[in-house]
Amino acid sequence: MTAQRYAEVRALVIKLLHPSAERAGISVEKIDDDTDLVLSGLVDSFEFLDLVNALEEAAGVDIDVGALDGDDFTTLIGLVQAAVKAGSA
């Protein structure tokens, strides 16, 4: 994974999260790589799936949700890594 591609996908996820962060009263600047997007209240489980779908469409990738580790996948870094990996497959 290149640092540039990681940064691009991370910025895209943050952009997609912006409306949810505003609703939750969380500044997007406070979202770090280890933030669990579901446990933090940024998104619920259904919104997380919507986020994955939006990310797939925006990044032009197909993330195999069933093949991912659920513990790490809902963190910002886990989602970004899954998208980058899907894009390089």
Side-chain angles (χ1 to χ4, degrees):
M1 158 178 11
T2 68
Q4 180 180 350
R5 182 65 179 149
Y6 177 85
E8 291 170 353
V9 173
R10 187 184 190 284
L12 179 57
V13 173
I14 293 294
K15 180 180 176 182
L16 293 170
L17 281 171
H18 198 272
S20 297
E22 281 187 346
R23 278 194 307 276
I26 299 171
S27 170
V28 291
E29 289 81 22
K30 294 189 184 242
I31 302 171
D32 63 25
D33 284 348
D34 295 323
T35 299
D36 188 300
L37 305 175
V38 176
L39 293 178
S40 68
L42 278 166
V43 294
D44 64 26
S45 57
F46 293 109
E47 292 169 327
F48 185 78
L49 293 176
D50 289 340
L51 174 64
V52 171
N53 288 333
L55 177 58
E56 287 177 324
E57 186 175 315
V61 298
D62 186 22
I63 300 170
D64 183 3
V65 177
L68 300 170
D69 178 7
D71 291 337
D72 294 331
F73 182 57
T74 58
T75 63
L76 178 58
I77 193 170
L79 181 55
V80 170
Q81 288 176 340
V84 170
K85 181 179 178 183
S88 65

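Because the structure is a prediction, the values reported are computed rather than measured.
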Rounded distance [0.5 Å steps], OG in S20 versus CG in L51: 7.5 Å
Do you see a donor-acceptor pair shorter than 3.5 Å between the side chains of T2 and Q4? no
Who are the salt bridge (Lys or Arg N to Asp or Glu O under 4.0 Å) partners of D72, not counting sequence neighbours? none
Pairs touching residues 18-76 that satisfy ring pair (Phe, Tyr, Trp, His ring centres under 6.0 Å), sequence neighbours left out: F48-F73
Can you list the residues that meet the side-chain hydrogen bond (donor to acceptor under 3.5 Å, both in side chains) rule with T75, with sequence neighbours excluded? none
Smallest heavy-atom separation, V61 atom then G87 atom, equals CG1-CA, 3.5 Å
Roughly how far, to the nearest 0.5 Å, is the CD1 atom of I63 from the CG atom of N53? 9.0 Å
Using side-chain hydrogen bond (donor to acceptor under 3.5 Å, both in side chains) as the criterion, list what pairs up with S45, not counting sequence neighbours. none
Return each pair, listed once, that meets salt bridge (Lys or Arg N to Asp or Glu O under 4.0 Å) where at least one residue sits in residues 46-67; pairs must be two or more places apart or across chains. R23-E47
Partners meeting side-chain hydrogen bond (donor to acceptor under 3.5 Å, both in side chains) with D32 (sequence neighbours left out): T35
By side chain to side chain contact (heavy atoms under 4.5 Å, CB included) - contacts of L49 (at least two apart): none
For R10 and D33: C-alpha separation, side-chain torsions, deciding distance, then whether side chain to side chain contact (heavy atoms under 4.5 Å, CB included) applies. CA-CA 9 Å; R10 187 184 190 284; D33 284 348; 2.7 Å; yes
For a 4.5 angstrom cut-off between non-hydrogen side-chain atoms, does D44 reach V38? no
On a heavy-atom basis, which atom in L55 and which in A83 lie closest, and how many Å separate them? CD2-CB, 3.7 Å
Is there side-chain contact between T74 and L79, with heavy atoms separated by less than 4.5 Å? no
Would you compute the distance between atom CG of L42 and atom CG of L76 and round it to the nearest 0.5 angstrom? 9.5 Å
In short, A24 meets G41 closest at the heavy-atom pair CB-O, 3.9 Å
